[in-house]
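In what follows, chains carry the letters A, B, and so on, assigned in the order in which the sequence lines appear, proteins first and then strands, with residues in each chain numbered from 1.
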Amino acid sequence: MEHNRTEDNKVGAALVVGGGIGGMQAALDLAESGIKVYLADNKSSIGGVMSQLDKTFPTNDCAMCTMAPRLVEIGRHKDIEKITLSEVESITGQPGNFSVTIKKNPRYIDDTKCTGCGACVSNCPTRNTVQPEEIEDIVLESQFDEEVTGILAKHRDRKGPLMPILQDINAAYNYFPENILRYVSQETGYSLAHINRIATFYSAFSLKPIGKHVINMCMGTACYVRGAELLLEKFTEVLGIGEGETTPDMLFTIKPVRCIGCCGLAPVMITGDDVYGKLQPKDIPGIVNKYQAKEQ
Amino acid sequence: MAEKRRIELMACAGTGCVAGGAFQIIEELGKEIDARGLGEEVSIVPTGCNGFCGQGPLMVVIPDNIFYGWLSLDDIPHLVEEHFLKGRPVEKLMFTPPEEKEPLPLLSEIPFFRKQLLIVLRNKGIIDPEKIDDYIARDGYVAIEKVLTSMSPENVIDEVSKAGLRGRGGAGFPTGLKWKIASQQDKTPKYLIANCDEGDPGAYMDRSVLESDPHSVIEGMSIAAYAISSSEGFIYVRTEYPLALKRMETAISQAREYGLLGQDILGSGFDFDIEIRGGSGAFVCGEETSLIHSIEGDIPEPRQRPPFPAQSGLWECPTVINNVETLANLPVIIARGADWYSGIGTETSKGTKIFSLVGKINNTGLIEVPMGITLNEVIYEIGGGIPDGKAFKAVQTGGPSGGCIPSSLIDSPIDFESLKQAGSMMGSGGMIVMDEDTCVVDVSKFFIQFTNDESCGKCVSCRDGSDALLEVLNRISDGEGQEGDVEFLEELAETVKDASMCGLGQTLPNPVLSTLRYFRDEYDAHINEKRCPALHCRNLIQYYIDPDKCVGCLKCLKNCPTEAIMGELKHIHIIDQEKCSKCGQCLEECPPKISAVIKATGSDIDNLEQLPEIVACSDWKTMKIGAA
């Protein structure tokens, strides 16, 4: 030891193996004394077992409250470098001057959680290619085949084809059957995640089947001040379903909409091509009956 | 136009009138006219929106210029026989101003039309929007010919800048300047987009322009495209407007047939064509960067500006986005010159503006008025005042991004600057009139609910800020407002304004801020006295039946949805407050002569509860009318 202390080529750095609560505290204390610290852990994150506990014996202290400040401090400390997912393979040398070989494992993708957004590919500094799994070709059910391939053929070569395609599919089926969306993704090259975001963004689209007659009660300002809310209540009462729901016989869906621009007729309801203006709650059972009678 | 007939019937076929059965009426008119052998003399022209939607279905008889409103199928045989055969106009179908007896037969005499100045809507109700020849007969496509044969793109930009035209979509950005920026970009191709994603609740001027005069928009687009050297245009129409979409498709294919769209227009070497794109029900798509993303097939969220679309827009190319109404102004500006146009309006706001006048007003409909007209003229002269003699309280302009203008500012002129000064904005032109029965807390709540629903969720301040605003507003209107709520609303509203990226978030607190500015006392009444001065907020009101007035007619009792009214024939009726859902049906049902149902709020409720008459009523079986 004597010998070491007088050596000039002493390394001003330390390696802490294990990033549990003990290792974290050691790393912080070392770093605070001006020593560069390497903190290695074989998990993908530091924290160790304590991070999984609620209370600690014997004082019943909150484990996370003990941990969190240290986690944050380590994350921010300029003199602590974390080496996660790593294992110590060999140590050589003597106190004051060790050489350590550390094996760092690669990170991997948890495919149960991945949405296929592709952000990891564009951010990866070493390699920008992916080898996707072999995906089976999606085949459309025969009842959809002709219509959907027709729609795709019609819009495929336009600039920005996705919206027109989705709009036509929505017009044909009133909603998006899952397999069709998968097929569109396969045929157009848009990722399914992207198509899903578009399909759920617009209020005219639905992923669930909706009724034959969609009760579009206008909730625009002019209709609202003239009592559209009462009419909506009456519809839910008469049909026995809530807003956005569909009757079990698949005849009606109640879907309040934003202004349909018939403010002169407020309050207004539109279903399909039929427009009903200057509505009163007492008119509603009659309207519902009319469509029910048509079906019989 | 087809050969002139003795009488032409300009039957409105805009969405409002179609909803009222205009197509059936047109069919019936045709049958009746043929049956009486008038087919050679009388022709029917289905026109676009006439504007006086509150009177629909309606028509105007040319050349007599007689206006008929509220037509029904039963009126047709009588009308055809009397007027078109015998030449005696039918008085009972004419417009009669409320509270007057004598009808006003002539269109030009009706105050609703008299004060208007039609530039954008110059062809409304005069042409058949599905016939290009009608448009051409009214000097249509003259302006594009002038532009292509005698003007350079720079000339066009200068002319429009000189005219002082500002964007009609809401913000009022100078159109000429926008074009100039786009035309200075080196990158090609350049795109032109007509924005018809008119999402503001209570506004429908763009729809009306497309429905009544689609060719003026096509011509306007061609002029704009020439100015910025673009050869590809898009028109983005919201899905809620099927009729407008259909008419636009027809118009575009007609224009292509006539060589007014496509390659080498009018032999000038200028190419331009238009593609229609539909929206799918997302309010935020009216924001220009969001609209661009929607056309591209991307997530329609707005992005940070700059770069402005005029620099880098659709597919990262220079893109000009103009509102439909802005575009429809162009043919007139070019044909009649910038000097004529800039003579209309105020110092900073030139030309006219279309407003949709709706809500609690006698004459609902679409109006085009010169900038600088006062609210007073619009509401009382054109709009005919407030129905049922109620008091005017405020007018909401600019939709969910705008604010309320109180009755004290009724004499202020309508232009971009004065509206902004009053805490509102021009917006796309919705004008929603409110009377004394409208509760401002409820109106703020409605708009915040709207923007909260339509927020795309990109900025936290808009997404969560509107949630928090809504929560407090709900609390206030439910009668659970707390000390400090008003101050909290103010602080939060300012933060949302400052921290949001696009126009939606930056303006969503306006309805709250402007109502707080002018109607703070109403908020205070809700919070401190648990009183809703407009008698609107359900949790703060109760219904009573005045025992002195009730005649025991059973009308309210039978129609009460929750069976909360006790009584029998000729006995005074009483409302069971525990069962009452406060739907107001009893108030509607009680005959106006009797009007025994009263609403009460705040301390009035306690006073009423203690009245001997009301206390005695609790035993209704003894309260036979006339027995005492």
Contact class of B:Ser294 relative to chain A, heavy atoms under 4.5 angstrom:
both
Residues A:Lys154, A:Asp168: salt bridge by 4.0 Å N-O rule
yes
Report the option among B:Pro400, B:Gly21, B:Pro300, B:Gly279 that has the most heavy-atom pairs separated by less than 4.5 Å from atoms of chain A.
B:Pro300
So, the part of B:Glu232 with a heavy atom under 4.5 Å from chain A: the answer is side chain
Any idea how A:Tyr291 and A:Tyr276 line up, ring-wise: parallel (<30°), tilted (30 to 60°), or perpendicular (>60°)?
perpendicular
Which bit of B:Ile361 comes within less than 4.5 Å of chain A, counting heavy atoms only: side chain, backbone, both or neither?
backbone
Can you tell me which portion of A:Glu233 sits under 4.5 Å from chain B's heavy atoms? Options are side chain, backbone, both or neither.
side chain
So, the part of B:Cys439 with a heavy atom under 4.5 Å from chain A: the answer is neither
Set out, in order, the CA-CA distance, both residues' side-chain angles and the distance that settles salt bridge (charged side-chain N to carboxylate O under 4.0 Å, His left out) for B:Arg207 and B:Glu240, then state yes or no.
CA-CA 10 Å; B:Arg207 192 202 71 197; B:Glu240 287 88 341; over 6 Å; no
Step by step, would you call A:Phe144 with A:Tyr173 a ring pair (Phe, Tyr, Trp, His ring centres under 6.0 Å)?
CA-CA 9 Å; A:Phe144 296 140; A:Tyr173 305 109; 4.9 Å; yes
With a 4.5 angstrom heavy-atom cut-off, could you sort out which part of B:Val18 is near chain A: side chain, backbone, both or neither?
neither
By a 4.5 Å heavy-atom criterion (distance strictly below it), what part of A:Leu230 contacts chain B: side chain, backbone, both, or neither?
side chain
Do the rings of A:His194 and A:Tyr190 sit parallel, tilted or perpendicular, given the 30° and 60° boundaries?
parallel
Would you mind checking which part of B:Ile295 comes under 4.5 Å of any heavy atom in chain A, side chain (CB onward), backbone (N, CA, C, O), both or neither?
backbone
Relative to the ring of B:Phe450, is the ring of B:Phe283 parallel (under 30°), tilted (30 to 60°) or perpendicular (over 60°)?
perpendicular
Check: A:His213 and A:Leu251 side chains under 4.5 Å, non-hydrogen atoms:
yes
As an exercise: rank B:Glu588, B:Gln396, B:Glu275 by heavy-atom pairs under 4.5 Å with chain A and give me the winner.
B:Glu275
Cut-off 4.5 Å, heavy atoms of chain A, and the answer for B:Asn363 is neither
Stepwise salt bridge (charged side-chain N to carboxylate O under 4.0 Å, His left out) test for A:Lys282 and B:Glu589
CA-CA 11 Å; A:Lys282 61 173 185 243; B:Glu589 294 297 335; 5.3 Å; no
